[in-house]
Amino acid sequence: MTDILTTKELGKNFKNKHVLNQINIHVPEGKIYCIMGPNGAGKSTLLKMISGIEKPTEGDINFKGENWKREDLKTIGSLIEEPGLFDNLTVEDNIKLKLKLHHVENKDQEQILNMLGFGDHNQEKVKGFSTGMRQRLGIALAFMGNPDLVVLDEPTNGLDTFGIHELRELLMLEKKQGKTIIIASHMLSEIQKVADRIAILGNGELLLEEDYDQKTDLEDLFISTLEKAGIKHD
Ligand SMILES: Nc1ncnc2c1ncn2[C@@H]1O[C@H](COP(=O)(O)OP(=O)(O)OP(=O)(O)O)[C@@H](O)[C@H]1O
């Protein structure tokens, strides 16, 4: 299996604080890669480096066999923290703008929007949207423009049960169509349903990376991995 993205000895410092140390991850092409870890473990920081929001302090990111370059962001969709939306624009215009800014086109826009429940909201301005609707649109935007890799940080944030179900269906469909998806999440029950490979971060270190068979109890694995590393609740 080819890896679409790998990191080599990747590290990040904020001032004198080491947030990530010598991270080597291997993300297989066309699969769902899930990153777990306690609060402050460095999950978002790792995703931000992959999405070009933060620069690594040391090490490399390799994307499609070459050193990561800014131009790769044309084919890397992401939702990190708050969805970046233009409140005064409609759903449709937010999408048009994103596609224009990234100089890309989209072919399955309608399908993604329908799957995330936007059938009747296309012409509505984003301004009045609830947290969950904003999150749904943020997810939709991450998939627009037919990216090869989609990076999602806590995608279930603010989603109701329908939203979580729709997100799962979308992830499975996009995977079937060949996309690679990286997700950081605390929702172990959801990870258990979709992950092909998992990684556990703790104290800025990669504690575990392995293929996931869906039978292993993720909570047990998570807790035992952290305990082995001497990481406990405060
Ligand atoms: N811009 C920044 N400046 C200084 N410190 C930062 C910055 N961004 C993140 N950190 C620190 O880096 C560490 C890792 O943060 P990060 O957000 O990556 O963790 P996380 O695993 O995503 O946590 P959570 O599960 O709480 O979202 C934390 O201690 C955080 O305070």
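Side chains included, hydrogens not; waters and symmetry mates left out as well; all remaining heavy atoms used. As the structure lists them, so they are numbered: ligands from 1, and atoms in each ligand from 1.
In terms of protein heavy atoms, atom 23 (O) of ligand 1 is closest to Gly40 N, 2.8 Å. Summary of contacts: the protein heavy atom closest to atom 18 (O) of ligand 1 is Thr45 OG1, 2.5 Å. At the shortest separation from atom 6 (C) of ligand 1 among protein heavy atoms lies Phe14 CD1, 3.3 Å. Remark: minimum distance from atom 19 (O) of ligand 1 to any protein heavy atom is reached at Gly42 N, 3.2 Å. For atom 26 (O) of ligand 1, the closest non-hydrogen atom of the protein is Asn39 ND2, 3.0 Å. The protein heavy-atom contact nearest to atom 21 (O) of ligand 1 is Lys43 NZ, 2.8 Å.
The CZ atom of Phe143 sits 9.5 Å away from atom CG of Leu173, with the distance rounded to the nearest 0.5 Å. Distance CD/Glu205 to NE2/His18: 10.0 Å, rounded to 0.5 Å.
The shortest N or O to N or O distance between Val19 and ligand 1 is not under 3.5 Å. Between Glu154 and ligand 1, a contact under 3.5 Å exists for no N or O pair. At a 3.5 angstrom cut-off on N or O pairs, Ala41 counts as close to ligand 1.
Within the structure, the closest approach of Pro38 to ligand 1 falls below 4.0 Å when heavy atoms are considered. In this structure, His186 counts as a contact residue of ligand 1, since one of its heavy atoms falls inside 4.0 Å of the ligand. Using 4.0 Å as the threshold, Gly37 has no heavy atom nearer than that to any atom of ligand 1. Lys17 counts as a contact of ligand 1, since one of its heavy atoms falls under 4.0 Å from the ligand.
Of all atoms in ligand 1, numbered sequentially from 1 with element shown, those under 4.0 Å from a heavy atom of Ser44 are 17 (O), 18 (O), 20 (P), 22 (O).
Within 6.0 Å of CD in Glu219 there are 12 or fewer heavy atoms belonging to other residues, nucleotides or ligands. In the displayed structure, Lys176 atom NZ is contacted under 6.0 Å by at most 12 heavy atoms of other residues, nucleotides or ligands. Around atom NZ of Lys125, no more than 12 heavy atoms belonging to other residues, nucleotides or ligands sit under 6.0 Å away.
Of the possible donor and acceptor atoms, one in the side chain of Gln214 sits under 3.5 Å from a partner among the backbone N and O of Gln192.
Here Asp93 does not pair with Lys100 in a salt bridge; the nearest charged N to carboxylate O distance is not below 4.0 Å. Look at Arg134 and Glu82 and you find no salt bridge, because none of the NZ, NE, NH1 or NH2 atoms lies under 4.0 Å from a carboxylate O.
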Side-chain donor-acceptor pairs under 3.5 Å in residues 27-41, sequence neighbours left out?
residue: Tyr33; atom: OH; partner: Glu209; partner atom: OE2; Å: 2.6
residue: Asn39; atom: ND2; partner: His186; partner atom: NE2; Å: 3.4

